[in-house]
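The chains referred to below are lettered A, B, ... by the order of the sequence lines, with proteins before strands, and numbering in each begins at 1.
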2 protein chains.
Amino acid sequence: MAVSYAEMQQESPGIFTEACPSRTVLDHVTSKWGILVLLSLTDGTRRWGELRRSVDGISEKMLATTLRTLAADGIVERTSYPEVPPRVEYSLTPLGVELMERVMPLMTWIQANAEEIVSR
Amino acid sequence: MAVSYAEMQQESPGIFTEACPSRTVLDHVTSKWGILVLLSLTDGTRRWGELRRSVDGISEKMLATTLRTLAADGIVERTSYPEVPPRVEYSLTPLGVELMERVMPLMTWIQANAEEIVSR
DNA sequence: CTGCATCCTCTCGGATACTG
DNA sequence: CAGTATCCGAGAGGATGCAG
């Protein structure tokens with residue numbers, strides 16, 4: 001696997017240029033709320049209300065927008081049950097699970113080092 | 001290492017709440033240009049102009065802002081040489097190297113899967 | 001309960017011009 | 001070459017109200 005930008009470019013010269021699809025995916029995943037929503041879903045399937053409560057500070061609008069984007073990307077799956085009252089569940093797709101396997105090491109590193117970094 | 005949000009919370013209950021330092025670091029790293037600048041620096045030390053050219057689409061203002069933030073966080077090191085014309089070099093600090101070791105798997109995954117995701 | 005619609009604010013970020 | 005200063009617009013994102 002590539003461990004530097006140079007290697008990635010060798011394999012794929014136009015990587016992460018403005019028009020490159022990679023840039024789009026990167027923007028979605030690293031959007032203000034994207035990672036936090038995905039992080040919450042690593043616990044497993046969650047309902048709308050659970051997500052709203054578990055992602056501290058997110059507004060309903062942003063939760064909806066973020067979920068729609070990630071669902072369209074095939075990273076999150078949305079399942080709605082035709083009940084009264086309505087119930088909707090969200091979970092990671094296999095693609096999403098793969099993605100989060102790469103993200104978790106980053107998150108645990110940030111968790112471990114944030115204090116030191118911010119205190120500078 | 002924690003592989004789910006639940007595990008992270010068990011270790012550190014307030015993790016990724018709005019006021020948590022982790023949120024700040026996450027925001028810096030996943031800012032619009034943060035990862036791309038850091039990615040470019042995985043090739044090694046780079047000068048201002050090289051960075052500007054290598055990160056496609058970034059403006060001078062955003063490059064300056066991003067570099068200042070990352071330097072303040074201790075992730076990037078800025079070295080200026082008192083010459084004429086001026087020369088300034090940027091590189092990853094040991095902390096930055098650690099960080100990028102966690103980010104690179106994510107970037108290569110995105111590189112590999114972006115086409116499929118965007119084409120949906 | 002699960003959202004969408006609307007309105008509104010404010011920050012991010014682009015363009016341009018200028019300096020040491 | 002390596003930035004800073006200023007202005008300005010678009011769009012991200014918040015608050016509220018309402019619908020299925």
Side-chain angles (χ1 to χ4, degrees), chain A residues 16-19 23-41 44-73 76-91, chain B residues 16-20 23-41 43-73 76-91:
Chain A
F16 295 114
T17 53
E18 276 202 277
R23 194 69 86 79
T24 307
V25 175
L26 185 65
D27 282 347
H28 290 179
V29 173
T30 66
S31 67
K32 181 170 179 59
W33 300 106
I35 286 197
L36 294 172
V37 168
L38 291 172
L39 181 62
S40 177
L41 289 174
T45 298
R46 285 209 144 146
R47 300 186 55 172
W48 165 274
E50 291 177 310
L51 279 172
R52 178 150 171 48
R53 282 187 299 277
S54 75
V55 181
D56 189 44
I58 197 170
S59 68
E60 292 186 347
K61 176 182 173 180
M62 280 301 101
L63 179 55
T65 304
T66 303
L67 283 171
R68 246 185 288 121
T69 302
L70 295 175
D73 287 345
V76 162
E77 184 179 36
R78 177 186 190 276
T79 312
S80 97
Y81 299 87
E83 305 171 350
V84 178
R87 177 165 61 101
V88 182
E89 293 185 344
Y90 295 89
S91 61
Chain B
F16 293 114
T17 53
E18 278 203 274
C20 180
R23 195 69 85 80
T24 306
V25 175
L26 185 64
D27 284 345
H28 291 179
V29 172
T30 65
S31 68
K32 182 170 179 60
W33 299 107
I35 285 196
L36 293 172
V37 169
L38 291 172
L39 181 62
S40 177
L41 288 174
D43 287 347
T45 298
R46 286 209 144 145
R47 300 183 56 169
W48 165 274
E50 291 177 309
L51 278 172
R52 177 149 172 50
R53 280 186 300 276
S54 75
V55 181
D56 188 44
I58 196 170
S59 67
E60 292 186 347
K61 175 184 173 179
M62 281 301 101
L63 179 56
T65 304
T66 303
L67 283 172
R68 248 185 286 119
T69 302
L70 295 174
D73 287 345
V76 162
E77 186 179 36
R78 178 186 189 277
T79 312
S80 98
Y81 299 86
E83 305 171 352
V84 177
R87 179 165 59 102
V88 182
E89 294 185 342
Y90 295 89
S91 61

J.: Is the backbone N or O of A:F16 less than 3.5 Å from a side-chain atom of A:R23, with the two atoms forming a donor-acceptor pair by type?
T.: yes
J.: Can you tell me how far apart CG (B:D43) and OG (B:S91) are? Round to the nearest 0.5 Å.
T.: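 With rounding to 0.5 Å, CG (B:D43) is 12.5 Å from OG (B:S91).
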J.: Sub-3.5 Å donor-acceptor pair from the side chain of B:T66 to the main-chain atoms of B:L63, do we have one?
T.: no
J.: Within a strict 4.5 Å, meaning less than it, do heavy atoms of the A:V76 and A:L67 side chains meet?
T.: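 Result yes, sub-4.5 Å side-chain heavy-atom pair found.
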J.: Taking only side-chain N and O atoms of B:R78, does any of them lie within less than 4.0 angstrom of OP1 or OP2 on D:dG3?
T.: yes
J.: Between B:R53 and B:K61, which has a closest nucleotide on DNA chain D that is more 5'?
T.: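 Result: B:R53.
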J.: Please give, in whole Å, the distance from D:dG3 C1' to B:L63 CG?
T.: 10 Å
J.: Which two nucleotides bound the region of DNA chain C that has atoms under 4.0 Å from heavy atoms of chain A, read 5' to 3'?
T.: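 Going 5' to 3' along DNA chain C, contacts run C:dC1 to C:dC7.
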J.: What does B:Y90 touch in the nucleic acid at a heavy-atom separation under 4.0 angstrom: a base, only the sugar-phosphate, or nothing?
T.: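 B:Y90: backbone/sugar contact only, no base atoms under 4.0 Å.
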J.: Is any side-chain heavy atom of A:R78 closer than 4.5 Å to one of A:W48?
T.: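 Counting from C-beta outward, A:W48 and A:R78 never come under 4.5 Å.
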J.: Can you give each donor-acceptor pair under 3.5 Å made by side-chain atoms of residues 79-86 of chain B, sequence neighbours left out, with the distance rounded to 0.1 Å?
T.:
from	atom 1	to	atom 2	distance (Å)
B:Y81	OH	B:E89	OE1	3.3
B:E83	OE1	B:R87	NE	3.4
B:E83	OE2	B:R87	NH2	3.1

J.: Rounded to the nearest 0.5 Å, what separates atom CD in B:E60 from atom OG1 in B:T65?
T.: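 Those atoms lie 11.5 Å apart.
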J.: Listed in order of residue number, which residues of residues 44-52 of chain A have a non-hydrogen atom at under 4.0 Å from DNA chain D?
T.: none
J.: Nearest to the side chain of B:P86, which nucleotide is it out of D:dG3, D:dC7, D:dC1?
T.: D:dC1
J.: Any residue in residues 26-33 of chain A with a heavy atom nearer than 4.0 angstrom to DNA chain D? Just list them by number, or reply none.
T.: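 Those residues are A:K32, A:W33.
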J.: Angle between the end axes of the helix from C:dC1-D:dG20 to C:dG20-D:dC1, five pairs per end, to the nearest 10 degrees?
T.: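 For the helix from C:dC1-D:dG20 to C:dG20-D:dC1, the axes at opposite ends meet at about 50°.
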J.: Please output the side-chain donor-acceptor pairs of residues 32-41 of chain A that fall under 3.5 Å, not counting sequence neighbours, one pair per line with the distance.
T.:
from	atom 1	to	atom 2	distance (Å)
A:S40	OG	A:R46	NH1	2.5
A:S40	OG	A:S54	OG	2.7

J.: Give me the atom names and distance for the closest heavy-atom approach of A:H28 to A:L70.
T.: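 Result for this residue pair: O-CD2, 4.4 Å.
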J.: Whole-Å distance between D:dG14 P and A:I58 CD1?
T.: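 It works out to 8 Å between those atoms.
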J.: side-chain contact (heavy atoms from CB on, under 4.5 Å), that's the test. Do B:E50 and B:Y90 meet it? Break it down for me.
T.: CA-CA 10 Å; B:E50 291 177 309; B:Y90 295 89; over 6 Å; no
J.: Quick one: B:R68 CZ to D:dG3 P, roughly how many Å, whole number?
T.: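 Value for this atom pair: 10 Å.
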